[in-house]
Every structure is written in structure tokens, then in C-alpha cells.
Amino acid sequence: MSANTYDAIVIGSGISGGWAAKELTQKGLKTIMLERGRDIKHIKDYVNANKDPWEFPHRGGRTQKMIEDYPVLKRDYPLNEVNLDYWASDKDSPYTETKRFDWFRGYHVGGRSLMWGRQSYRWADVDFEANLKDGIAVDWPIRYKDVAPWYSYAEKFAGISGNKDGLAILPDGDFMPPMDMNVVEKDVAKRLKEYYKDLRPMIIGRTANITVPHNDRTNCQYRNKCWLGCPFGAYFSTQSATLPAAMATGNLTVRPWSIVTKILYDKDTKKAKGVEVLDAETNQTYEYFAKVVFLNASTINSAWVLMNSATDVWDGGLGSSSGELGHNLMDHHLGVGASGRMEGYEDKYYFGRRANGFYIPRFANLGNDKRDFIRGFGYQGGASREGWSRDIAELNIGGQFKDALTEPGSWQLGMGGFGETLPYHDNKVTLDKTRKDKWGLPVVAIDAELKENELKMRIAIEKDAREILEAAGAKDVQTHSSNPYLGRGIHEMGTARMGRDPKTSVLNEWNQVWDAKNVFVTDGSCMTSAACQNPSLTYMALTARAADYAVKALKKNEI
Amino acid sequence: MHRRTVIKNLALIIGGAALLPACMQEKGKASIALKNVEISADQEKLIGDMAETIIPKTNTPGAKDLNLHLFVLKMLDDCYKKADQQAFISGMAQFTDAVKKKYDNSFAGLSVKQREEMLLSIEKDKDPKSISISAELKTFYGIVKGQTVNGYTNSRYFMTKRVIYELVPGRYNAHFPYKQKQAV
């Protein structure tokens, strides 16, 4: 075995790449995990995690220099002073926006598992059956029962806290004890239960923050500084969970600064034999070889790798024979919601910073709830007391104003929707060969937009948010709806969808590329539809499931 | 390393030290280094007096004790667009003129009551087309006020002595009883 030969190659080190590395190494495969960016060591490299708010020169805000340097990231909340280093440079890695697409990336070991929102929900059968029932796109080749045991497997290892709410739309999982709702949230949940008779339940968010010690990880300390990296390892990330498990096997090699430029395809065996890597520091090219390749570079970049591979056989790249590679790009559309004031509860407060909120699962287009669009949306929100920024009547300046700043204001209740985006063939990514990144590699062009179904849904999200908050007893309810663009959900999905037919899908039911059976794609690109739940838990489950299949198939010499 | 090189390097280090801002503060310039706006020592003092009017020293520290005016300048220098920085500078000049016109005095020369009255007259003018208080003046005041309060509520003093901030709360108490300290 030469130095560059392994049993398995994992491309990418984010949520799904970390899972692939863990599963493959634990099953005995010598594995190399290739990461395009720098290394970030657990705890040691979380440089801002233990800083107090006043230690940041601009108190966490953004400078004009940052705004100039990050023309894409500046469009939304990710551009900030406290974890700027975790976001990919828009300048080094540009992309072409045929239509506006807010692409927020993490190019380092751990990828976006370090900055993710951690909300973790199972899908239900209604989600896996949706395309078939609506007669759109293609049918998922799997159903809930295929994924359910893998959801359990993923939840038990990742550590998901949540309540067993017994909802058909949002199956219960193997949870750690749930976080608490505060007093106002509890009352609101009760009122909604009375008002909607269980049709629009409000539950505590299910989150990948552990509430009891787990493996070598300490339970959540309620700092709400997750996206700086957690010194307690209290939320699931590659660094806190999958990477140490994979390293413990002695089977894993991690190679940062490794941009995979293509998968090396062998025409004779009709399989991949390895990958080509461009060293991002030295610009030298290397080849690595393995029996199986897991592609987990994140939805858009996984499509990019495939499009650059086997172009001597297929013009459109590996997996393009169906004509679907790069197509059906999805996200969750958001930025629509409402907030209002809750009267009373002045003698109630909360202590600690809970990195979680409440969740109202999908209710639209279920049962008797019929809409002028298909699919649905969920809401995430919370109740909290206002701080100093509130208007303090008649006390604008001076000693009394100064003292008033120390008092919490009234209770506010707010929530925003996460809406399902349909898989449209013409929402796509392609290679833009006219433009190169810092390493001379062609960039992607993204051409995707929200269409009629999503735009109609957004009107409903806004209207229903008002109705729910008013039913909950909120006063002065204000709604908002902003930036109807894809990308800002940071839930890219669908560029290499799974399906039942190689003519209409890129991957089969085991996440294998139809055209190269030893290449498995298990990040967001495999998604056939988007549902409206946060998707990462599903990637974890699908990755573990695919890795299990891959190792069995290897042993049987099937791949 | 050659002896001569060592001496040269040493000279560079010492020379560098001599250029530290504190030692070489030009007379009439602001006390902190600013890259994008020019603020004189007098203007710095004006902003300090305004910040102190907004967050005065009482039985607890005020804006000057906490150097909030320097935070205002730092934020102005780094975080605002050129247009806002320009509006800040012209608004500041207009503010000085308005004070002079109204009180025939500088802001520094006013009583606390007059200072409060002056700032409140800007706060209370909600008309965007107001003639007496221009958009620039409002931008200037808005930045001073906003960043003074931002600096105060995010200061170590405020977060450790006035409210209870813990880096590691370790728990979430969803039913924390609270007694309002004063009627707001």
C-alpha cells in the first residue's frame, strides 16, 4: 500500500463528513479526511470562546473594513466581530450569482458544524412521500422506516435534547432531557393548545446541545456562545463528537488545506479510484487512492467536485448522465415572522442564556388545513424581556435613565418561519469557467430563485404568525417579511438528488452515485425534497446508513 | 547576529517606542489614534461632556469614568460609512453653533440642566424635515447617544456591577423571580 492509499477517502469535514469519517474508521477502514481549509483544534483554537463581551473592540459589531471584505456575508447576521474567522473569505472564493444567492460557507476543519443552529428534527413519512403525492420532481427512494433506526443511532451519539411530544408530523427521537420553556412560553403554549386544539402545538426546540454529560463532553452551561466553539463540547460538532471518536480508532488521517479538485474515475472498472487534491498552501497537486469515496463537501461544493470529475466520459461530470447534477437546488426560505408584547409577568425573569427556543411544527396542508400552495412551514421563536434598547418614555438621558437601563423591559414574543422550498429543475448550479478563485479553479454560478409556491407561502407565514401571536395574547403585534432570496437559510440541498431511476437522479437509495457505485454523497446535495425541518440530523442519519451499507458492500466485493 | 545589526535593530525598537501615540500626542488632537475621522481635543471634550450628560456620574460611575466618549470615537472611526462620518462632523459643528446661539456659551460652559435641556431638544424633535435641527445634527447626536449607551451597557462595569452577567451561567432558571428596582 503506497503512502497515498487508504481504504476510504472522505471529502469534507463538516457535519456529514465527520460522521462519514467516524463510521468508516469505527468499522475498521483506514480513512483520510480531506478538508479544504485550515485546521481548528477542539477548545484550543476557539480563540474567542472565553472572552467577555467587553473584550471585543466593537462589542461584536461589524466594521466598514469587514463589510468591504465580505460582500456576501454582510447580507445577513453571520458577519460579526466575534467569529469572523469561521466564515470563508468571499474574496478568495468568489462565485457567480446569476440570481442573488446568499452563500455563507465555513472552510476549515469542522466546517459549519462549528457555527450551525443545532435545531434537530426528524422528518416524517409525509415528508418522504411528498414528491410522489404531489407528482413533482421524483420520489424519494426511501421512507421514514428506512431512516428511523439511523435517526436513533445519530441522536444517541450526537446528543439531542428534546421533549417526546408525540406528534405525527415530528416523530419523537432518542432524546436527552429537554431544555425548559420560560414562564411566558409555557403560558403561550397552553393558550395555543386551548385555542387550536392541538393543531398548532408549541414545543421546546430539539437541539444538539447536550443536557446531561455525554461521552467526554460536558452538558450545556447556558452561555449561548455556541458559534464561537464550545469549550465544554456541549453542542454537537465534528470537533466535539465525531472527530475524537474517529481519531480514537487510530484509523483516521486528517489533511487540512486539501482542496479536492476531482474524483479520479476509472473507465474500465466504472468506479472511482481516488481523488486529486490541490494543496491550498503550496499549490501542489497530489493524488490519493481508496476503495470508497464519501463526498461531503457541502451541497454546492459537492456538485462542483462531481462536475469537475470524469469529464472525459461525461461532459457534465461524474453523475451528470441523468441531467440532474447541479439541479434542484433548495434551501429553506425565511425572514418572515412576527413579534408582539406580552403584558404582565413583570415579577418573572430567567437566568442563564438558553441557546434554544420554541418550535411550532408544520400545520399547513395537513388534515383539513388546505392552502393555495403545497407543503408547509414551521416557526422558531422565543419569549424574552427587552433590554436597554427599548424606549424609556421621558427618560432619555441622565441619572434616572442610567439606572433604568439596568432594568429589564417588557416581555416580547417573537417567531420566524422556515418554509419548504420545492425542487425546481431550473434552480441550479453550473461551472463558471470564465472566472477563477484564488487557486485558479473555476467558480460556481448559482441560478436559483423562490417561485410562486414559496412566495404564496411567505404571505401565509406572515399572516399566520400574526394570528398565532394574537391567539397567544400578544399585544401590538408587528409582522415582518424581508429578502425573499435563497441561501440565507444556510440549508442548501438538492444538487445531486437521490432517486429510484438513474435517468432522473444522481444517487440511488444508498447515496451511491449511479455512475460510480463506490462514490457516496451524503451531505445536503442528496436531498430529493427539502421539507421544512432543519436538515442536519437527516444528513447524520443518512451518512451513518450509507457508511454501514458501503462497508458491507465492500466486504462482499460489491463495490 | 553581527553586533552592528543588533545595535541597528535595537535603535529601530527604541525609535519605534518613541512613536507610541501616548508619548507623541500632537497638541490639539484627540487622545486616541483615529484612521478615518479627524477629531480635535476640543471636539473630544465636547463628546465627553455630551456622553457624561447622557450617562452622568451619580453614586455610580459616569461616561467619563468609563471612557465611553473614546468608545464613541472608536466606533465612529471603524464602523460607520464615510457619509455618516461626514454627517457626524458637520452635525457636530452645527451643534456647537446651536449651543452658542441659544446660550451664548460653549457646551462646556453650560450648567447640567442646560446641557440636558439642549440634548432633550434634539431627542424630542422627531420631524425628519425639521429646520432647527438638521438631519446631520441628528446623525451626530444619534451616534453619540447610541454608542454611549452601547458602550455603557456592554462595559465591564455595567455587566459585572449593575447587572449580573456570568460568562458561564451553568444553568437555565426559567422561573427567576424579579423585583423591579424602580418604576420605569
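The sequence lines fix the lettering, A, B, ..., with proteins before strands; numbering per chain opens at 1. It should be emphasised that the depicted structure is a prediction, and the values quoted were computed from it without experimental measurement. All heavy atoms count here, side chains included; hydrogens, waters and symmetry mates do not.
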field: Student check: side-chain heavy atoms of Asp78(B) and Gln64(A) closer than 4.5 Å
entry: no
message: Using ring centroids (six-membered ring only for Trp), state whether Tyr172(B) and Tyr222(A) fall under 6.0 Å.
response: yes
task: Taking Arg353(A) for its side chain and Glu166(B) for its backbone only, find out whether a donor-acceptor pair lies under 3.5 Å.
output: yes
- request: Report the distance from atom NZ of Lys348(A) to atom NE2 of His175(B), rounding to the nearest 0.5 Å.
  value: 9.0 Å
- request: Give the ring-plane orientation class for Tyr178(B) versus Tyr349(A), where under 30° counts as parallel, over 60° as perpendicular and anything between as tilted.
  value: perpendicular
query: When heavy-atom pairs shorter than 4.5 Å are enumerated against chain B, which of Asn224(A), Ile67(A), Asp180(A), Asn219(A) gives the highest number?
result: Asp180(A)
Residue among Lys65(A), Met179(A), Lys186(A) with most heavy-atom pairs under 4.5 Å to chain B: Lys186(A)
task: Tell me, for Lys145(B) versus chain A, whether the close heavy atoms (under 4.5 Å) come from the side chain, the backbone, both or neither.
output: side chain
statement: Scanning both residues in full, the closest heavy-atom pair of Gly352(A) with Pro169(B) reads CA-CB, 3.7 Å
query: Roughly how far, to the nearest 0.5 Å, is the SG atom of Cys79(B) from the CZ atom of Arg59(A)?
result: 10.5 Å
- prompt: Once you round to the nearest 0.5 Å, how far does CD1 of Ile54(B) lie from CZ of Phe401(A)?
  reply: 7.5 Å
field: Whether over 12 other heavy atoms sit under 6.0 Å from Arg156(B) CZ
entry: no
statement: Checking heavy-atom separations under 4.5 Å from chain B, one finds in residues 228-235 of chain A Phe232(A)
statement: Max heavy-atom pairs within cutoff under 4.5 Å with chain A, candidates Thr60(B), Asn36(B), Leu119(B), goes to Thr60(B)
message: Could you go through Asn182(A) and Phe176(B), starting from their C-alpha distance and side-chain angles, then the distance that decides it, and tell me whether this counts as side-chain contact (heavy atoms from CB on, under 4.5 Å)?
response: CA-CA 9 Å; Asn182(A) 61 42; Phe176(B) 193 73; over 6 Å; no
message: Ignoring hydrogens, what is the shortest heavy-atom contact between Pro57(A) and Met75(B)? Give both atom names and the distance.
response: O-SD, 4.5 Å
- request: Please indicate whether Lys193(A) has more than 12 foreign heavy atoms, meaning atoms of other residues, nucleotides or ligands, lying under 6.0 Å from its NZ.
  value: no
query: For Val163(B), is it the side chain, the backbone, both or neither that has a heavy atom under 4.5 Å from a heavy atom of chain A?
result: side chain
Greater than 12 external heavy atoms within 6.0 Å of Lys164(A)'s NZ: yes
task: Return the minimal non-hydrogen interatomic distance between Ile164(B) and Phe351(A), and the atom names on each side.
output: O-CE1, 4.1 Å
- prompt: Which heavy atom in Gly399(A) sits nearest to a heavy atom in Pro56(B), and how many Å separate them?
  reply: N-CG, 3.3 Å
- line: Note: Ile397(A) and Tyr141(B) closest approach over all heavy atoms is CG2-OH, 3.5 Å
message: Quick check: closest heavy atoms across Tyr152(B) and Leu405(A), and the distance to 0.1 Å?
response: CD2-CD1, 3.7 Å
field: Cation-pi, Phe56(A) ring and Lys74(B) (6.0 angstrom, 45 degrees)
entry: no
task: Please tell me if the side chains of Lys225(A) and Leu167(B) come closer than 4.5 Å, counting only heavy atoms from C-beta onward.
output: yes
task: Check whether Thr148(B) gets within reach of chain A through its side chain, its backbone, both or neither, counting any heavy atom under 4.5 Å.
output: neither
- request: Check whether any side-chain heavy atom of Asp347(A) lies under 4.5 Å from a side-chain heavy atom of Lys179(B), and answer yes or no.
  value: no
statement: When rounded to the nearest 0.5 Å, the distance separating NE2 of His58(A) from CG of Asn150(B) is 11.0 Å
- request: Check whether more than 12 heavy atoms from other residues, nucleotides or ligands sit under 6.0 Å from atom NZ of Lys161(B), and answer yes or no.
  value: no
field: Flag side-chain contact, heavy atom, 4.5 Å: Asp52(A) against Thr160(B)
entry: no
message: Does any backbone or side-chain atom of Glu116(B) lie under 4.5 Å from a heavy atom of chain A? Answer side chain, backbone, both or neither.
response: both
message: Can you confirm whether Thr58(B) sits close enough to Lys402(A) that some side-chain heavy atom of one is under 4.5 Å from a side-chain heavy atom of the other?
response: yes
